Amino acid sequence: MAEETNQGVWGLVIDLNLCTGCNACVTACAMENNIPWVGEEDAGYGRSMSWINMQRYWEGEYPEVSPSYQPVMCQQCGRAPCEPVCPVFATVHSESEQINLQVYNRCIGTRYCANNCPYMARKFNWFDYAYNIPEPMNYYLNPSVTVRRRGVMEKCTFCVQRIHDGQENARAQGRAVIDGEIMTACQQACPADAIIFGDMTDPESQVSQALRSQRKYVLLEELGTQPKVTYLKGEGYYGG
Amino acid sequence: MAAEVKPIPNAIPSPHAAEEEDLREHLMFDPRPREEMNRMVMDSMTHTTPRYWIVVGILAVLTAVLLYGVWGYMIFTGIGISGERRPNYWGIFIVSLVFWIGISHAGTFVSAILRVFKAEFRRPFTRAAELMTTFGLAAGALWPLIHLGRVWVFYWMIPYPNARWLWPNFRSPLVWDFMAITTYLLSSTIYLYLPLLPDLAMARDRTKGWRHVVYKFLALGWRGTEAEWFRLRKAINIFAIAIIPVMFSVHTIVSWDFAVAQTGGWNSTIFGPYFIIGAILSGVSAVVTILIILRATLKNMDYFIRLEHIDALGKLLLVFSMAWAYFFFNDYMVSWYGGSEVVRTILTFHASGPSAWIWYVMLLCNVAIPWLTLWSKKLRRTPWLMLIVTLGINVGMYFERYTIIPITLGHQRMPFDWGEYTPRLPEISLALGSLCLFMLLYMLASRFIPMVPVWEVREGQEAHQLRKVGKTVVPSVSELE
Amino acid sequence: MATSVVHMALFKEEQLDEAAEAIQVLRNLGISDKDISVISGTPFSEKMLGRPMAWTSIPLIGGAGAVVGFLVSVFLNFGTPLLYPIQVGGMGLQTIPTSIVLTFELTMLGLLISTFIGVLVETISPSYGPRGYDARVTDGQIAVLFSSGAELDASLHDALSHLGAEIVHGAEDKKLWP
Amino acid sequence: MKKPLPWWQRPWVRVTAGLLVFIVLGGAVGGIYLSQQPPEQPIQFPHNFHVGSGIPCLYCHPGAQWGPVAGLPTSDKCWGCHQQVAKTNTSPELQKLAAYVKNNESIPWVPVFIQPDHVHFNHRPHVAAGVTCETCHGDMTKMTVAEPIRGQNMGWCLDCHSKQEKEKWTRLSDCATCHY
């Protein structure tokens with residue numbers, strides 16, 4: 001258990017040049033993380049729960065328009081604005097995983113964190129959506145992830161259950177986590193391989209290589225939130 | 001000494017007689033015997049008409065249904081029955097919180113600041129204003145709870161040792177809020193109670209039956225000995241001075257709920273004083289509203305509450321309206337000039353978005369109408385007009401908070417997530433319900449608590465004298481302590 | 001003291017000067033200040049009545065409460081984060097700017113609540129001096145209570161009624177608080 | 001008006017208030033008491049006898065070695081030994097087991113040590129770190145059916161975690177260790 005102190009810093013890179021906006025990541029995320037569907041009416045009202053917002057922007061003038069897509073999930077900020085405002089420590093910074101956590105059962109539903117998130121990445125359980133899933137469909141629920149009840153906030157966790165699982169397996173086998181061994185659900189589902197996940201402290205990992213690209217940028221960098229999600233877009237080349 | 005209080009006999013009729021009359025009225029230079037004042041207050045308290053009970057009954061039903069019924073329904077189904085959605089996570093729940101906490105600033109302002117600065121006209125209506133503080137807070141303190149997604153675990157905000165090893169996050173503005181509102185609620189309730197002791201003793205001596213039992217209990221065996229008065233004076237002095245910074249801190253902290261966030265349009269250093277001025281503006285307006293209503297409906301109140309008082313408060317209102325406009329402009333100017341893209345779009349959105357009418361009504365009610373009316377003494381002394389103006393100011397202040405909270409939230413940094421917010425019926429019902437609760441509590445209290453601090457009025461009348469200077473009389477106030 | 005009776009001299013509201021005079025008369029007749037007490041419906045300071053300074057420990061109790069509130073806030077601000085260290089938003093565990101808010105609120109809460117507790121305790125704790133009560137006091141009348149033996153009655157009666165007082169012999173001590 | 005004092009003395013008020021207090025307190029105390037009682041099991045399984053005869057815990061609860069759930073034994077596992085044990089034919093409790101096997105039914109064991117949905121507990125790291133079974137489950141040599149441990153809450157977990165080595169505390173106190 002020598003690697004217990006060095007847990008790594010998890011990072012996500014999304015190549016927008018490759019993203020087609022197919023929403024496979026959104027679906028995979030929903031299946032992995034027990035994200036309920038909210039019904040037609042609430043979804044139309046802007047209460048859909050998906051942890052990834054597939055932001056679609058139109059470019060050009062009609063009819064010469066082309067869409068561009070940007071999946072935006074929780075950016076796992078190093079200095080997250082959502083954390084200090086929670087009165088009960090329901091959203092905290094994980095020291096060991098270096099991500100931003102949401103502890104569902106501690107949440108009392110002040111929704112302050114959601115207001116203070118500049119990325120609008122947080123979703124609120126307005127009703128008991130997950131408990132109203134019709135009978136056979138509840139078998140899709142993932143036992144490794146808490147099913148959230150009404151009145152709590154939730155958001156992308158970088159599939160922390162998978163991180164734990166991978167780390168635990170590696171530890172039980174007495175080895176370090178191999179790059180690419182731990183995959184987030186969105187990464188796994190992305191048909192274009194636009195999403196890369198891994199340890200940013202390992203200079204050889206795919207994420208670190210992608211991060212040396214000239215095409216990288218982070219969202220709302222001027223706020224100093226130190227996001228762990230990086231986007232790649234435009235002209236340039238890979239590698240340092 | 002009390003003899004000198006009486007109007008000077010055979011005063012020379014002068015062209016300034018009207019002004020003299022005002023002076024007399026201002027400090028109540030027409031004292032009545034203490035027994036009579038006591039009787040008048042007791043009368044106002046015990047006199048109930050069928051109309052009163054009908055109104056109380058309607059308010060009770062409305063409170064039970066609109067507030068507690070809908071709230072209970074919301075607890076069992078989820079907060080989703082409100083109109084809130086991404087990105088407007090805060091709607092009129094928080095607007096109402098800020099509104100009611102703002103209303104609650106009036107009592108402390110009137111009875112602490114005016115007491116410390118010895119503004120003598122405050123005396124007859126301190127009680128009415130303090131009651132407003134307490135009940136405004138009672139209505140306001142409901143909102144953070146109503147607003148919670150899981151209200152049944154609200155106690156996790158209270159610091160206490162527990163099996164989870166977890167304490168509240170003292171870096172969160174909501175915990176400051178919780179502490180500040182608790183402090184303010186407790187201290188303003190005590191501050192209502194302390195000067196009430198002699199009046200409760202007065203009521204105890206004049207009642208029988210259940211009232212007597214209750215007053216006897218509440219008056220703590222007050223007899224009026226020197227030691228008791230001395231103690232009371234000491235305690236009131238400590239309270240009057242200490243509660244002022246507490247009052248300022250409460251609304252500053254409420255403003256920090258917004259100002260410490262990085263949210264565009266909220267992150268403003270001037271929010272603290274801006275909110276305080278707004279709170280005092282809406283609170284003092286509410287005091288005027290209530291005084292006009294009390295004067296019209298409560299028996300014998302036209303002796304204690306006079307046009308002169310409404311006039312004086314009207315002057316204060318004009319000053320606060322100007323101060324509010326100054327802070328508003330300051331906030332707007334600095335934000336706009338700063339040129340941050342998100343803040344500029346928000347400011348444009350306020351003034352030209354689909355909800356722009358709210359912004360204009362706010363400016364109309366808070367600035368235009370008060371400035372056009374309150375400069376005139378004649379208009380300040382017209383109760384029905386003052387009622388409209390002060391109600392208007394409160395509508396304007398509600399809209400101010402509405403502009404700051406849901407409208408600003410709907411227009412943040414990610415353009416894809418811009419949204420609008422429309423309150424739904426349950427929210428509106430809850431907001432009306434809290435108004436009903438406030439009115440119900442106030443109406444019930446008006447028949448239980450002596451609405452005029454008779455001893456303070458009496459003390460004032462003894463301290464005031466009319467002194468003849470040349471051809472006219474001027475009032476003078478002596479220090480009693 | 002056991003044999004002495006409490007008498008009460010009631011003065012009208014505007015007879016404050018006479019009441020002050022009456023206290024002087026009582027003193028001249030050999031009744032000590034601790035056997036006299038004045039109750040009134042309006043706050044008259046002891047200076048007006050020429051009485052010894054009253055004493056209260058309310059500021060002391062209030063100050064002590066403020067200290068307790070301050071200490072509690074220090075524990076909450078700087079102690080509890082150490083019990084279970086939780087990192088939020090890149091802030092330190094013990095942040096001074098945020099601690100000021102809570103320190104202020106809790107100090108004030110301690111001060112104000114203990115001031116009230118001081119009033120409560122001092123009001124319901126037994127007081128010394130002659131006891132007695134008349135409901136007319138809350139109508140603004142000034143009652144000078146004094147305890148004396150029966151033999152002083154004649155001279156006292158004359159002196160006090162000369163000042164315009166209404167004298168109640170053997171004022172009863174009503175139980176005013178359960 | 002809201003002061004109930006004058007009605008305090010009335011007997012029915014007092015009786016009602018007393019009853020209410022009694023019901024609320026009784027409900028709370030009873031609820032806590034019941035949650036600390038061992039549930040009714042289909043078979044009064046004598047842990048003390050089995051552990052006493054040297055059977056390791058992991059023989060019947062093998063899941064503890066490799067995963068979150070330790071597992072409860074199926075009738076097959078019981079029958080593997082018990083079909084060869086003479087007592088099986090005499091003891092009335094074992095007749096129940098025989099009946100389950102005969103009808104090819106699973107034994108409806110009631111789990112005693114269950115974590116709520118929002119707590120993710122994994123046996124494997126605990127077993128790997130050398131935590132013995134009785135640290136959390138109590139001394140089974142003294143129990144027949146499994147009994148819950150009192151006050152096994154978050155503070156109980158943290159209490160043990162805080163006694164581990166200092167460098168592990170960051171991970172062991174992390175919220176995401178158990179809650180996600």
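All values below were derived from every heavy atom in this structure, side-chain atoms included, with hydrogens, water molecules and symmetry-related copies excluded. These numbers come from a predicted model, not from an experiment. Within every chain, numbering begins at 1; the chains are lettered A, B, ... in the order of the sequence lines, protein sequences first and strands thereafter.
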Which portion of B:Phe178 sits near chain A, non-hydrogen atoms under 4.5 angstrom
neither
Please confirm whether the backbone N or O of B:Arg150 pairs with a side-chain atom of A:Arg150, one donor and one acceptor, at under 3.5 Å?
no
Bottom line for A:Met49: the part with an atom under 4.5 Å from chain B's heavy atoms is neither
Looking only at B:His147, B:Gln412, B:Arg171, the option with the highest number of non-hydrogen pairs under 4.5 Å against chain A is B:His147
Per-residue contact mode, A:Val92 against chain B (heavy atom under 4.5 angstrom)
neither
Find the one option among B:Trp156, B:Trp266, B:Trp176 whose heavy-atom pairs under 4.5 Å with chain A are most numerous.
B:Trp156
Quick check on B:Thr422 against chain A: is it the side chain, the backbone, both or neither that has a heavy atom closer than 4.5 Å?
backbone
Exam field: side chain B:Arg86 to backbone A:Met120, donor-acceptor pair closer than 3.5 Å
yes
Out of A:Arg56, A:Met153, A:Arg111, which one racks up the most heavy-atom pairs below 4.5 Å with chain B?
A:Arg111
Are side-chain heavy atoms of B:Asn169 and A:Pro87 found at a separation under 4.5 Å?
no
If you define the side chain from C-beta out and look only at heavy atoms, does anything of B:Ile79 sit under 4.5 Å from A:Phe124?
yes
Among A:Cys107, A:Ala90, A:Pro118, who wins on heavy-atom pairs under 4.5 Å with chain B?
A:Pro118
Please classify the contact of A:Asn132 with chain B as side chain, backbone, both or neither, using a heavy-atom distance under 4.5 Å.
neither
Between the side chain of B:Ser172 and the main-chain N/O of A:Val88, is any donor-acceptor distance below 3.5 Å?
no
So which of A:Asn115, A:Leu219, A:Asn125, A:Val85 has the biggest tally of heavy-atom pairs under 4.5 Å with chain B?
A:Asn115
Carboxylate-amine/guanidinium proximity below 4.0 Å for B:Glu84 and A:Arg47
no
Residue A:Gln70 versus chain B: region with a heavy atom under 4.5 Å:
neither
With respect to chain A, which residue among B:Gly419, B:Ala261, B:Pro144 yields the maximal number of heavy-atom pairs within a distance under 4.5 Å?
B:Ala261
Over 12 foreign heavy atoms within 6.0 Å of OH, B:Tyr155
yes
Other residues, nucleotides, ligands: >12 heavy atoms within 6.0 Å of A:Glu59 CD
yes
Could you tell me which portion of B:Trp256 (side chain, backbone, both or neither) has an atom closer than 4.5 angstrom to a non-hydrogen atom of chain A?
backbone
Top residue by heavy-atom pair count (under 4.5 Å) with chain B, among A:Asp128, A:Val72, A:Leu220, A:Thr225?
A:Leu220
Given side chains that start at C-beta, do those of A:Gln55 and B:Asp417 come closer than 4.5 Å, heavy atoms only?
yes
Can you name the closest pair of heavy atoms from A:Thr110 and B:Trp90 and give their distance?
O-NE1, 2.9 Å
Greatest number of non-hydrogen atom pairs under 4.5 angstrom with chain B, of A:Ser48, A:Pro84, A:Gly46, A:Cys117, falls to A:Pro84
Check the pair B:Arg413, A:Leu223 against side-chain contact (heavy atoms from CB on, under 4.5 Å), reporting the backbone distance first and the verdict last.
CA-CA 11 Å; B:Arg413 289 188 170 84; A:Leu223 293 178; 3.6 Å; yes
Got A:Asn53 and B:Met414 here, is their nearest side-chain heavy-atom distance under 4.5 Å?
no
Select one option (side chain, backbone, both, neither) describing which atoms of A:Arg106 are under 4.5 Å from chain B's heavy atoms.
both
Working to the nearest 0.5 angstrom, can you tell me the gap between A:Tyr112 OH and B:Thr263 OG1?
7.5 Å
For the pair A:Ile108 and B:Trp152, evaluate side-chain contact (heavy atoms from CB on, under 4.5 Å) and give the outcome as yes or no after the intermediate values.
CA-CA 8 Å; A:Ile108 58 174; B:Trp152 49 95; over 6 Å; no
Atom OH of B:Tyr73 with >12 non-hydrogen neighbours under 6.0 angstrom
no
Take the angle between the ring planes of B:Tyr89 and A:Trp126 and call it parallel below 30°, perpendicular above 60°, tilted in between.
parallel
Counting heavy atoms not belonging to A:Tyr140, are there more than 12 under 6.0 Å from its OH?
yes
Would A:Phe89 and B:Trp167 count as a close aromatic pair, with their ring centres under 6.0 Å?
no
I'd like to know if the side chain of A:Asn116 reaches the main chain of B:Gln262, judged simply by a donor and an acceptor atom lying under 3.5 Å from each other, with no hydrogens or angles considered.
yes
Would A:Phe127 and B:Ile81 count as a side-chain contact (heavy atoms from CB on, under 4.5 Å) here? Give the steps.
CA-CA 8 Å; A:Phe127 294 108; B:Ile81 62 168; 3.8 Å; yes
Determine whether more than 12 heavy atoms belonging to other residues, nucleotides or ligands lie under 6.0 Å from atom CD of A:Glu41.
no
For B:Asp177, which atoms come within 4.5 Å of any heavy atom of chain A: side chain, backbone, both, or neither?
neither
Part of A:Pro81 lying under 4.5 Å from any heavy atom of chain B:
side chain
Is B:Phe76 atom CZ crowded by more than 12 heavy atoms from other residues, nucleotides or ligands, each under 6.0 Å away?
no
What is the minimum heavy-atom distance between B:Gly83 and A:Tyr45, and which atoms define it?
O-OH, 2.8 Å
